[in-house]
Structure formats: structure tokens, C-alpha cells
Amino acid sequence: MKNILTTAVVFLSLNLFGQTKEDSIQFSRISTEILNKGKSYNELKDLTKNIGHRLSGSEAYEKSVKWAEQKLKEAGADKVWLQEVMIPVWERGKESLKIKAGNGKWKSLKMLSLGNSEGTQGKDIFGEIIMVKSLAEYDKLSPEQVKNKIVFFNYPFSQSYIQTFKAYSDAAVYRSTAASLTAKKGGKFAIVRSLSSAYDDVPHTGAMRYGDSEKIPAVAIGNTTADELESLLKSQKITAKLNSNCGMKAEKLSHSVIGEITGNKDKSVIVVGGHLDSWDVGEGAHDDGAGIVQSIEVLRTFKNLGIKNNHTIRVVCFANEENGLKGGLQYGKTVNENSEKHLFALESDAGGFSPRGIALEMDDAKISQIKSWSPLFIPYGAYDFEGRYSGADISPLKAMGVPTAELVPDSQRYFDIHHTDEDTFEKVNRRELLLGATIMTQMIYMIDKNW
């Protein structure tokens with residue numbers, strides 16, 4: 001009796017929200033197909049272990065372009081092509097950071113130069129370290145206090161936010177502006193505490209920018225090193241020595257990879273995608289190999305289940321999200337030039353952990369409609385449709401008025417490994433990855449059917 005009543009309540013809820021038993025059955029078919037036959041996990045292993053990290057402009061990135069082109073063809077795309085993109089090229093090279101107290105011995109610190117940072121051209125740069133705990137504290141320093149110094153921005157990733165992306169946004173300003181701020185007051189280089197939720201000694205890289213300031217180096221250190229350095233600075237003068245060979249090179253031609261299945265009703269486009277590039281550390285598994293293989297899984301599932309899509313469903317593997325966003329910008333430019341109608345764009349770029357929902361950036365009427373479908377998603381663990389943001393690569397589409405969205409996985413572990421050597425295939429769970437692909441496919445199915 002209890003099961004009968006539960007079933008009745010579910011179907012009543014679906015009918016009240018304008019959905020049908022057919023949708024519930026299709027959701028189950030999608031889930032069963034992906035969890036049993038999905039290839040995302042094995043494809044992610046292939047991408048991460050046989051190609052590895054994929055910084056824009058690198059030989060590995062070019063290998064990943066060929067890899068994605070082949071995987072889209074294998075998934076059953078009607079059409080696959082490469083979209084030309086001019087991308088910035090940044091190279092890391094050898095680097096080291098050492099400190100010493102007074103006339104003591106030099107001690108090497110674990111570090112990573114921040115992405116797009118200029119280096120020291122292989123020369124040693126010395127200076128006394130001064131520490132600030134906030135931008136407000138730095139603003140109080142005079143140019144005379146900063147000149148020829150190394151500024152250590154020791155702002156911690158806040159543990160108070162339950163939604164860790166809020167903590168990331170809060171701390172990210174230090175990574176992006178530390179070098180520029182230091183240069184404007186005559187400092188030699190900047191050190192930032194990593195944007196990390198973990199209590200470990202793993203440094204995190206990520207993009208920074210200069211604006212109109214002098215281009216001085218910026219490096220990141222892990223949390224435990226930051227704490228130790230803070231402790232040392234309380235009692236003694238500490239000198240730092242940096243030697244790095246990183247820097248920007250000339251732009252080069254590269255590609256985003258695109259595949260689609262043609263619509264049976266019209267050629268209006270529904271986009272699902274992620275970014276193919278990664279930073280030059282780790283294997284780019286969660287960021288964003290997971291989003292790439294999940295997006296390809298959406299297309300494959302439509303083909304394998306024989307779902308007759310009304311609109312064109314297009315997978316975009318964007319180039320150069322990490323240090324330029326040139327793939328997303330070029331895609332948006334091409335859409336605009338071709339006057340190509342886009343109905344919806346969904347990105348996966350927050351890791352391959354268990355899906356919790358989908359964030360939505362669109363008008364209130366469309367948000368209400370999607371939220372009315374929540375009874376269909378709840379059995380699959382997706383309940384959160386409250387976020388009002390979407391992926392960076394599809395932001396040019398958003399600016400053109402296209403409704404955009406982003407998969408919302410559980411984020412509690414994401415910033416332990418984000419932009420680090422720790423972002424490896426072993427950190428990804430098969431079922432969590434495939435559940436994310438399931439939620440994405442179910443959402444694309446509903447958009448295609450109802451819009």
C-alpha cells in the first residue's frame with residue numbers, strides 16, 4: 001500500500017507540474033543507459049593518462065584536440081569540426097623560491113608561478129618579505145614601505161562559506177591583482193596564499209592579470225607554508241629569492257572542437273560543453289576533463305537511446321578557458337556573425353563530483369518552468385536550482401540573451417585539488433561522474449522537448 005501511495009503521489013506531482021509519465025520513464029532510461037553503459041569514466045582515464053594536462057598552446061593540448069574530434073565521431077555526431085581560435089601561449093619553465101632568516105641558510109619552498117605571470121628571465125631576485133592579511137591592510141602601506149620588497153598576501157580561503165565557490169570568489173581577487181598592486185608601489189614580486197580549502201602544502205596556480213602596471217612576478221604557496229612563513233615573520237626579518245623562467249610567448253592558432261546531432265524539427269541550437277584545456281599541473285581531471293567527457297556522453301546517449309531531438313544538440317569543447325577564454329569568445333563571435341539561433345547553453349566546469357542541481361541564468365519565466373521539473377530530478381539526487389550563475393565559456397552567449405546554465409556538483413572537495421598537481425584521474429569517482437552526465441542529459445532532453 002505504501003509503495004502504491006508513493007507512486008501515486010509522484011505521478012500526481014508530475015501532472016500538477018505539467019509533466020508526464022513519459023518524462024519519468026525517459027529519465028529512467030537515460031539513467032540506466034549512462035550508469036551501465038556510459039563511457040565517460042574510461043574516456044576520462046584515456047584523456048588524463050595518455051595526454052595529461054593540457055595548457056593552451058602546448059603539444060598536449062593539440063593532442064587533445066585530435067582526441068576530442070575522434071571521441072565525438074565515435075559518440076555518433078552527425079557533424080564534427082574544428083573552430084579556429086587564436087590563443088595566448090604561456091610557458092612555465094623552471095622555477096624556485098627560497099627564503100632565509102638573517103644570515104641563515106636558504107630553504108626551498110613549494111611554489112607555483114601564477115598563470116600569465118612574467119618570470120625573472122632566469123635571474124635571481126632578492127628582497128625582504130612584508131606580509132599583509134587583507135587588501136585594506138595593503139592599501140595603508142606607503143610606496144616607501146613597499147619599494148624593493150616582496151609582498152606576501154596572506155588572505156585565507158574562508159572556511160565559513162558552505163558553498164565553497166563563494167569562498168573562492170572572495171579570495172580570488174588576491175590571486176588576480178597581487179602582482180599589479182605590488183608593482184604600483186615599487187615591490188619586486190608578490191607571493192599569495194593559495195586559493196585552497198585544504199590544510200596541506202599543495203600550491204595552487206591560476207590566472208592573474210596586470211592591467212597597466214609593470215609586469216612583475218607572482219607566485220603561490222600552499223596553506224601550511226603560508227602559516228609557517230607568517231610565524232617566522234612575527235619574530236624576524238625574512239629574505240626571499242625567486243628564480244623563474246615563465247612568461248608569455250606569441251599567440252598561435254589553435255582550435256575548439258565541436259560536434260552535433262541535427263535537429264529533426266529545426267536548426268535551433270542547444271549547447272552542452274566544457275573546456276578542453278587545463279593548467280600545466282596535475283592531469284586536468286576534474287577541471288575540466290570531467291565536463292568534456294560528460295558533454296560527449298549527452299550526445300552519445302541521445303544516439304544510443306534513439307531519442308529524436310527536435311533541435312540541434314551541439315557539444316562544444318572550448319579552447320583556452322583557463323588563461324584567456326578565447327574559445328568561448330570566438331564561439332560567441334561566430335554565433336553572432338552567422339545569426340545562429342541558440343535556445344539554451346549548459347556547461348559543466350565545476351568538477352565531476354556528485355551532482356546536486358543546475359544553476360540558471362535566464363528570465364524568471366524560464367527559471368520557474370525549469371524549477372517545475374524538479375520532481376523528475378529529485379530521484380537522481382538533483383534538487384538545487386537556486387544558483388543564478390553559469391559557466392565562463394558560455395558567458396558570451398549569455399551576453400547575447402541566450403539562457404545559460406551550469407551543472408552544480410557537490411563542491412566540498414573541489415578546491416582541495418583545483419589547479420594543482422592533485423587534480424588527477426584517481427580523484428574522480430565513476431558513479432559520481434556518470435550521475436553528472438545523467439543530470440545533464442535529462443536537462444537537455446527536457447529543454448529540447450519543451451522549448
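Only heavy atoms go into these numbers, but all of them, side chains included; no hydrogens, no water, no symmetry mates. Each residue takes its place number in the sequence, starting with 1.
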Residue pair [X] / [Y]: nearest heavy atoms and the distance that separates them:
X: D410; Y: F353; result: O-CB, 3.3 Å
X: A68; Y: C317; result: CB-SG, 4.2 Å
X: P203; Y: T420; result: O-CG2, 3.6 Å
X: N310; Y: K449; result: ND2-CA, 3.9 Å
X: A220; Y: L114; result: CB-CD2, 3.8 Å
X: S395; Y: L325; result: OG-CD2, 4.0 Å

Between the main-chain N or O of [Y] and the side-chain N or O of [X], is there a donor-acceptor pair closer than 3.5 Å?
X: N223; Y: Y199; value: no
X: S372; Y: Q369; value: yes
X: S180; Y: Y210; value: yes
X: D200; Y: V202; value: yes
X: S268; Y: L343; value: no
X: R175; Y: V173; value: no
X: T205; Y: H419; value: no
X: R29; Y: L305; value: yes
X: D448; Y: H311; value: yes
X: S31; Y: F27; value: no

Subject >> Cation-pi, W67 ring and K63 (6.0 angstrom, 45 degrees) >> reply: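 No; the conditions do not both hold, so K63 does not lie above the ring face of W67.
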
**OP:** Determine the interplanar angle of the F415 and F157 rings, folded into 0 to 90°, and report it as parallel if under 30°, tilted if 30 to 60°, perpendicular if over 60°.
**Re:**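 Ring orientation, 0 to 90° scale: tilted.
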
**OP:** On the 0 to 90° scale, with breaks at 30° and 60°, tag the H418-Y414 ring pair as parallel, tilted or perpendicular.
**Re:**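 Taking Y414 first and then H418, their aromatic rings sit tilted (interplane angle of 30° to 60°).
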
Original post:
Do F165 and Y389 have ring centroids that are under 6.0 Å from one another?
Top reply: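 Aromatic pair excluded; centres sit 6.0 Å or further apart.
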
Do the side chains of [Y] and [X] get nearer than 4.5 Å, heavy atoms only?
X: F318; Y: V85; value: no
X: E322; Y: D287; value: yes
X: L276; Y: S256; value: no
X: E321; Y: D288; value: no
X: K79; Y: T262; value: no
X: K366; Y: L360; value: no
X: L181; Y: L135; value: yes
X: F302; Y: T441; value: yes

Have [X] and [Y] got a donor and an acceptor in their side chains that come within less than 3.5 Å?
X: N320; Y: H275; answer: no
X: T334; Y: Q330; answer: yes
X: D170; Y: Y155; answer: yes
X: S390; Y: E406; answer: no

Using a strict threshold of under 4.0 Å (side-chain N to carboxylate O), is an ion pair present between [Y] and [X]?
X: R300; Y: E43; value: yes
X: D416; Y: K427; value: no
X: E230; Y: K133; value: yes
X: E74; Y: K39; value: no
X: K303; Y: D78; value: yes

**OP:** Enumerate the residue pairs fulfilling salt bridge (charged side-chain N to carboxylate O under 4.0 Å, His left out) with a member in residues 266-286, sequence neighbours excluded, ordered by first and then second residue.
**Re:**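 Every salt bridge (charged side-chain N to carboxylate O under 4.0 Å, His left out) pair that includes a residue of residues 266-286, provided the two are not neighbours, is K49-E283, R92-D280.
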
Original post:
Quick one: salt bridge (charged side-chain N to carboxylate O under 4.0 Å, His left out) pairs with a partner in residues 254-263, sequence neighbours left out?
Top reply: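 For residues 254-263, and leaving out neighbouring residues, the salt bridge (charged side-chain N to carboxylate O under 4.0 Å, His left out) pairs sorted by first residue read E260-R314.
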
Original post:
Above 12 or not: heavy atoms from other molecules or residues under 6.0 Å from CD1 of I162?
Top reply: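 Result for CD1/I162: open.
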
Original post:
Can you tell me if CD on Q159 sees more than 12 non-hydrogen neighbours from other groups inside 6.0 Å?
Top reply: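 More than 12 within 6.0 Å, yes.
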
What is the distance from atom [atom1] of [X] to atom [atom2] of [Y], rounded to the nearest 0.5 Å?
X: L242; Y: I191; atom1: CG; atom2: CD1; answer: 8.0 Å
X: S348; Y: E297; atom1: OG; atom2: CD; answer: 12.0 Å
X: Q70; Y: L72; atom1: CD; atom2: CG; answer: 9.5 Å
X: N304; Y: E33; atom1: CG; atom2: CD; answer: 5.0 Å
X: S64; Y: H255; atom1: OG; atom2: NE2; answer: 12.0 Å
X: S295; Y: I313; atom1: OG; atom2: CD1; answer: 12.0 Å

Original post:
Yes or no on salt bridge (charged side-chain N to carboxylate O under 4.0 Å, His left out) for E69 and K73, after CA distance, side-chain angles and deciding distance?
Top reply: CA-CA 6 Å; E69 182 181 20; K73 290 177 180 178; 3.8 Å; yes

Original post:
Between E62 and S254, does a side-chain hydrogen bond (donor to acceptor under 3.5 Å, both in side chains) hold up when you go through it step by step?
Top reply: CA-CA 7 Å; E62 296 309 317; S254 191; 2.8 Å; yes

**OP:** Among residues two or more places apart or on two chains, list those pairs meeting ring-ring contact (aromatic ring centres under 6.0 Å, His included) that have a residue in residues 420-451.
**Re:**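 Qualifying pairs: Y41-F425, F344-W451.
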
**OP:** Quick one: do C246 and W90 satisfy side chain to side chain contact (heavy atoms under 4.5 Å, CB included)? Show the steps, please.
**Re:** CA-CA 7 Å; C246 61; W90 180 79; 3.6 Å; yes

**OP:** Start with the C-alpha gap between T177 and R209, add the side-chain angles, then the distance that decides, and say whether side chain to side chain contact (heavy atoms under 4.5 Å, CB included) holds.
**Re:** CA-CA 6 Å; T177 64; R209 62 176 184 267; 3.9 Å; yes

Original post:
V132 and F153: side chain to side chain contact (heavy atoms under 4.5 Å, CB included), yes or no, with the steps?
Top reply: CA-CA 5 Å; V132 294; F153 290 85; 3.6 Å; yes

**OP:** Kindly determine whether F385 and V408 satisfy side chain to side chain contact (heavy atoms under 4.5 Å, CB included), including the steps that lead there.
**Re:** CA-CA 9 Å; F385 297 91; V408 180; over 6 Å; no

Subject >> From T404, V402, I370, residue fulfilling side-chain contact (heavy atoms from CB on, under 4.5 Å) relative to M362 >> reply: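 Option passing the side-chain contact (heavy atoms from CB on, under 4.5 Å) with M362: I370.
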
